[in-house]
Amino acid sequence: MKFNTKTIHGGQKHEETTGSVMPPIFQTSTYAQSSPGVHKGYEYSRAANPTRTALEDNFAAIENGTHGFAFSSGLSAIDCVLKMLNPGDEVIAGDDLYGGSYRMFTRMFQKYGLKFQFVDMNSVENVGRVVSKNTKLVWLETPTNPLMKIADIEEISKTVKSTNPNILVAVDNTFATPYLQQPLDLGADIVMHSATKYLGGHSDLVMGALMVKDQKLAEELHFIQFAGGAVAGPMDSFLALRGIKTLHVRMQRHCENGKAVANFLAGHDKVGAVYYPGFEDHPNHEVAKKQMKDFGGMVSFRLKDERKEAAFKFLESTSVFTLAESLGGVESLVNHPVTMTHASIPEPERLKIGITDSLIRLSVGIEDEKDLLEDLEQALQV
Ligand SMILES: *Cc1c(COP(=O)(O)O)cnc(C)c1O
């Protein structure tokens, strides 16, 4: 099956008792047994629920994996991966991570004895340099949030695995989605999504996903999902599955509109830098072209007027773009990383990587391009 068919049919079968074409929402916690321990594969919905199974099989299919897991949030999916590690183990992570991932690493798992090295994953050498005998996991995002840096998944996987084949490489694929890049095919072991974003696609649920292609790894993650308990509910599983059916169509439009917005901003006299991997002068444009099918719908930029007041005036003036956290929905959103999504990163760290008051992040939706550009133009003139 090709990707555009997998989004709709991947891992799906019609429901057995009625032939229902769409998976029913099995809103149940438990399942009748005919004799102790004799059941139809479902005992208790923390372990498995048929609506969640339908979604998890689809998760696996769209990332070219063998197993998928649905969690109650993106962060609980990351939490599950880190719980495979032991005190003293080292994790190499990008220095431009989603704020919540950084917060979890530094304020939750550091105190349980995990060690984190944050490096700029723009360059493979940076990663190679900090690999040690205790390194167990490399955690990377590409494109990064909010500065749209690109990491070379294939080269990073090769480099760390040439030192030690047991080091796991995990990719937070939330920004790109499997429509644009499929990390398991590029050498990664684990793909993670905040399904809250593009996979769900309609800003109506909070969910996380993990996808893997290895049986033993799948067993380990399934144990932690079951024992830890942060599972997705049946209603949310249904919504996510419905969202994924249009992922390829939505992504195509997100990419078109993203390109139009990036070009518009780059040509505007009130705008400074524009961060978009589709530009030829983006420092990792060649890597982006190699591993991504297109460049997505996320665009960040700075106003030339670097004062916080100027950014706030813009952020209060858009009307088609809603000022809100999150991304990846059909509707366009605008966000101020310093005060919103990245407020949990300490100021010195933020400034070091360039998350300053003048930085604005757009999640470009699938509305009419003309309305989007007109909205940005009027907000830039306020
Ligand atoms: C939103 C997000 C997360 C966290 O996911 P939640 O569903 O909010 O828990 C992780 N990584 C990235 C890149 C995100 O955008």
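Position 1 is the first residue of the sequence, and the numbers go up from there. When a ligand or atom number is given, it counts from 1 through the structure's own listing order.
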Do the ring centers of Phe312 and His336 come within less than 6.0 Å of each other? yes

Tabulation required: pairs of a nitrogen or oxygen in ligand 1 and a protein nitrogen or oxygen under 3.5 Å; columns are atom names and distance to 0.1 Å; otherwise 'none'.
| from | atom 1 | to | atom 2 | distance (Å) |
| --- | --- | --- | --- | --- |
| ligand 1 | 5 (O) | Ser194 | OG | 3.0 |
| ligand 1 | 7 (O) | Gly74 | N | 2.9 |
| ligand 1 | 7 (O) | Ser194 | OG | 2.8 |
| ligand 1 | 7 (O) | Thr196 | OG1 | 2.7 |
| ligand 1 | 9 (O) | Gly74 | N | 3.0 |
| ligand 1 | 9 (O) | Leu75 | N | 2.9 |
| ligand 1 | 11 (N) | Asp172 | OD2 | 2.7 |
| ligand 1 | 15 (O) | Lys197 | NZ | 2.7 |

Is the ring pair Tyr98/His342 parallel, tilted or perpendicular, if the boundaries are 30 and 60 degrees? perpendicular

Lys352 with Glu349: basic N within carboxylate O range, under 4.0 Å: yes

Return the orientation label for the Phe118 and Tyr102 ring planes: parallel under 30°, perpendicular over 60°, tilted otherwise. tilted

Identified ring pair (Phe, Tyr, Trp, His ring centres under 6.0 Å) counterpart of His285 within the set Tyr276, Phe279, Phe295: Phe295

Do NZ/NE/NH1/NH2 and the carboxylate oxygens of Asp294 and Lys259 come within less than 4.0 Å? yes

